Amino acid sequence: MEYDYIIVGSGFGGSVSALRLSKKGYKVLVVEKGKWFKAKDFPKTNWNFKKWLWMPKLHFFGIMKLSVFRHVAILSGTGVGGGSLVYANTLPIPKSTFFKTGTWSKLNDWETELKPYYDEALRMLGATKNPKLFDGDIGLKKVAQQLNMEAKFDATNVAVYFGEENVTKEDPYFEGIGPDRTGCNFCGACMTGCRNNSKNTLDKNYLYLAQKYGAKILSEHEVYDVKPINVEDGTEGYEVAIKTSTKLFTKRKTIKSKAVIFSGGVLGTVKLLLKLKTTSLPNISDRLGQDIRTNNETLVSVSSLDKDKDFSKGVAIGSILDTDENSHLEICRYSEGSNAWKLIHFPYVTGRNVLVRLLKVIAALIKSPVKYFKIYFVNSWAKKTVVLLFMQTLDSTLRFKRNIFGLMTSTVSTGQKPTPFIPESIKLIKAYSKAVNGVSTSFALETLAGIPSTAHVLGGAVMGESATEGVIDKNNNVFGYKNLYIIDGSMISANPGVNPSLSITAIAERAMDQIPNKSELNNY
């Protein structure tokens with residue numbers, strides 16, 4: 001065998017796996033379709049579409065991908081470090097409901113079982129409380145006060161090195177064996193890529209250390225086939241077929257490995273496995289593609305008309321408000337100059353169908369032309385705008401399937417279909433808009449088609465007691481195969497209702513803890 005483990009994807013699940021397996025003595029290869037970014041490679045603003053967006057057909061090889069389905073539009077990350085390159089650094093632990101619902105709930109006392117792994121994940125990701133609140137956060141605190149919820153407002157735990165602003169120092173996290181870091185300057189550019197070397201992305205912790213232990217990272221390549229060698233259940237290993245992902249002329253090769261870990265996120269793992277279930281991996285559970293969750297999110301922008309407000313300052317998400325036992329509200333920001341989102345924003349309206357909403361959009365523009373003119377043409381959009389991220393633990397699920405053209409499509413599985421028009425969210429949007437003298441807008445797809453957006457799609461290959469309930473067991477082994485694992489957001493088996501990156505990291509830490517050191521194996 002060329003490798004003991006091939007890991008498909010370098011996000012939170014893949015990076016944890018790479019480090020822990022390498023430390024255990026295994027020979028590890030990580031395959032990542034995106035590019036390897038250094039601080040200077042990130043775009044200065046999101047107007048640089050080529051460096052910001054992942055659209056290979058247009059030769060855009062940036063860090064963010066937008067995927068649109070019938071029921072949801074999904075924002076995801078691409079590059080060495082996966083979603084950590086583009087996520088908002090926020091690391092909350094879900095409430096107890098998360099651990100006690102879904103297909104995984106009866107497999108373990110997860111809240112107790114995962115506690116030490118959450119602690120380790122927080123340490124590894126350099127989590128610390130945001131030390132400074134800025135205009136956008138102060139607006140959210142004002143809303144909390146008006147709703148008599150000030151006790152539910154707090155600064156976020158974030159994966160950011162604060163240190164001394166703009167001062168570079170030797171590794172502050174891993175006893176000197178990690179990379180140098182630079183103190184955060186609160187520029188707000190976390191989600192377009194941190195050019196200040198302050199954000200604790202996975203290439204600065206898990207992946208960086210994995211390479212110290214011998215792991216190899218192959219960027220700009222993607223896996224398109226995984227085939228068992230000789231024995232149908234993969235006992236003798238797998239042939240992994242890969243191809244280049246950023247070249248005009250694709251090069252292909254096959255690498256052998258004893259084991260394979262799928263860590264490409266929902267859009268990578270589920271899409272690939274749906275294809276392989278029809279060819280080289282037919283024994284995968286029929287539950288594949290089911291139990292997709294969107295975290296019941298809404299994303300609505302509010303632009304202040306006050307001249308003295310600067311919403312671009314701060315970390316990407318600096319504060320959070322627990323509005324009730326099921327719901328959370330966070331404010332997100334982009335750095336000054338990153339105004340590209342306004343191109344696909346319409347006035348925020350609600351209504352029972354597209355015609356009603358379109359008429360309301362026209363009415364809003366006619367009623368307040370000066371306000372919208374300022375938003376779209378005069379004010380710096382990012383400087384004057386926050387994105388309100390509303391999340392719920394209330395459950396509903398989608399199913400992803402392959403159509404006759406080989407593309408993934410969505411259908412509603414359980415509960416109501418996702419909607420951008422959640423009553424609790426609408427109430428909070430109005431309250432925040434009033435607090436900051438703002439005007440609300442939203443993605444055109446939400447206004448016109450009623451399709452909500454999410455940065456936290458989860459599920460599709462969830463844990464279960466058997467293949468009739470899930471795709472993987474409680475230790476992340478794929479039912480029907482040996483030495484085949486799924487460790488990424490697609491394994492999440494309930495709705496966390498908060499940013500899920502920390503939970504993915506913690507569950508990945510536990511999964512790796514179940515695998516013995518290579519030296520302990522007999523006849524390996």
Side-chain angles (χ1 to χ4, degrees), residues 8-14 32-35 46 49-79 81-88 191-192 222-224 245-246 262-275 288-299 332 340-341 343-345 387 389 397-403 405-413 417-420 442-461 488-490 492 499-501 504:
V8 186
S10 63
F12 291 93
E32 167 58 51
K33 73 177 181 181
K35 285 180 172 288
N46 60 8
F49 297 145
K50 193 169 185 178
K51 288 188 175 183
W52 179 47
L53 298 175
W54 176 266
M55 293 182 173
K57 291 182 179 179
L58 297 179
H59 217 67
F60 294 176
F61 301 117
I63 62 174
M64 196 197 76
K65 180 181 179 182
L66 176 61
S67 307
V68 179
F69 297 89
R70 180 182 177 186
H71 298 94
V72 65
I74 301 168
L75 304 172
S76 58
T78 306
S84 75
L85 301 178
V86 73
Y87 90 133
M191 293 190 291
T192 50
E222 61 182 318
V223 171
Y224 65 91
S245 58
T246 60
F262 293 96
S263 298
V266 175
L267 297 180
T269 293
V270 174
K271 181 180 179 181
L272 176 58
L273 289 180
L274 282 171
K275 171 191 170 186
L288 179 66
Q290 300 193 44
D291 303 303
I292 300 284
R293 292 173 167 88
T294 65
N295 229 6
N296 278 20
E297 293 185 7
T298 66
L299 289 165
C332 311
W341 278 123
L343 296 178
I344 55 173
H345 270 62
V387 180
L389 170 57
T397 63
L398 298 175
R399 181 181 182 183
F400 283 174
K401 299 187 294 185
R402 272 169 61 90
N403 62 20
F405 303 106
L407 302 174
M408 277 206 310
T409 61
S410 65
T411 58
V412 176
S413 182
K417 71 176 183 178
T419 175
S442 65
F443 292 118
L445 275 175
E446 298 189 357
T447 302
L448 296 179
I451 298 175
S453 304
T454 180
H456 305 131
V457 67
L458 303 165
D488 59 21
S490 65
I492 300 295
N499 315 65
S501 299
I504 296 170

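All of these numbers come straight from a predicted model, not from anything done at the bench.
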Q) CD1 of I344 to OG1 of T447: how many Å apart, nearest 0.5 Å? A) 11.0 Å
**Q.** Main-chain N/O of G264 paired with K33 side-chain donor or acceptor, under 3.5 Å
**A.** no
(Q) Ring centres under 6.0 Å, that's the criterion: do F61 and W54 meet it? (A) yes
Q) Is there side-chain contact between V68 and L445, with heavy atoms separated by less than 4.5 Å? A) yes
Q: Check the pair K65 / L53 against side-chain contact (heavy atoms from CB on, under 4.5 Å), numbers first and verdict last.
A: CA-CA 6 Å; K65 180 181 179 182; L53 298 175; over 6 Å; no
Q | Check: V412 and H71 side chains under 4.5 Å, non-hydrogen atoms | A | yes
(Q) In the structure I gave you, are the side-chain heavy atoms of L398 and P418 within less than 4.5 Å of one another anywhere? (A) yes
Q.
So which atom in S10 and which in G81 form the shortest heavy-atom distance, rounded to 0.1 Å?
A. OG-N, 3.0 Å
**Q.** Sidechain-backbone polar pair: T78 side chain, M64 backbone, donor-acceptor under 3.5 Å
**A.** no
**Q.** Interatomic distance, F12 atom CZ to S501 atom OG [nearest 0.5 angstrom]
**A.** 3.5 Å
Q.
Looking at T454, is its backbone amide N or carbonyl O close enough to the side chain of T294 to form a donor-acceptor pair, meaning the two atoms are under 3.5 Å apart?
A. no
(Q) I need the L267 CG to S76 OG distance, nearest 0.5 Å. (A) 5.0 Å
Q: Check whether any side-chain heavy atom of H456 sits under 4.5 Å from a side-chain heavy atom of E297, and report yes or no.
A: yes
Q: Identify the heavy atoms of L288 and A461 that sit nearest to each other, and give their distance.
A: CD1-CB, 4.4 Å
Q) Is it true that atom NZ of K51 has more than 12 heavy atoms of other residues, nucleotides or ligands lying nearer than 6.0 Å? A) yes
Q: Would you check if L273 and F262 make a side-chain contact, meaning some heavy-atom pair closer than 4.5 Å?
A: yes
Q: For S245 and E222, indicate whether the former's side chain and the latter's backbone hold a donor-acceptor pair under 3.5 Å.
A: no
Q.
Is there a side-chain contact (heavy atoms from CB on, under 4.5 Å) between L458 and D291? Walk through the geometry before answering.
A. CA-CA 8 Å; L458 303 165; D291 303 303; over 6 Å; no
Q | Exam field: side chain T269 to backbone V266, donor-acceptor pair closer than 3.5 Å | A | no
(Q) Donor-acceptor pair, distance only, cut-off 3.5 Å: does the side chain of D488 make one with the backbone of G13? (A) no
Q) Below 4.5 Å, heavy atoms only, C-beta onward: do F400 and Q290 meet side chain to side chain? A) no
Q) CE/M408 to CZ/F69 distance, rounded to the nearest 0.5 angstrom? A) 4.0 Å
Q | Smallest separation among heavy atoms of I292 and G460, with atom names | A | CD1-CA, 3.5 Å
Q: Would you name the heavy atoms of A340 and F49 that are closest together and state the gap between them?
A: CB-CE2, 3.8 Å
Q) Taking side chain as C-beta onward, heavy atoms only, is F443 less than 4.5 Å from L448? A) no
Q | Heavy-atom closest pair, residues H59 and K50 | A | O-CE, 3.5 Å
**Q.** Pairwise distance SG(C332) to CG(L299) - rounded to 0.5 angstrom
**A.** 6.5 Å
Q.
Return the CZ to OG distance between R293 and S490, rounded to the nearest 0.5 Å.
A. 12.5 Å
Q) Are side-chain heavy atoms of N46 and W341 found at a separation under 4.5 Å? A) yes
Q) Backbone N or O of P452 within a donor-acceptor pair of the E446 side chain at under 3.5 Å? A) no
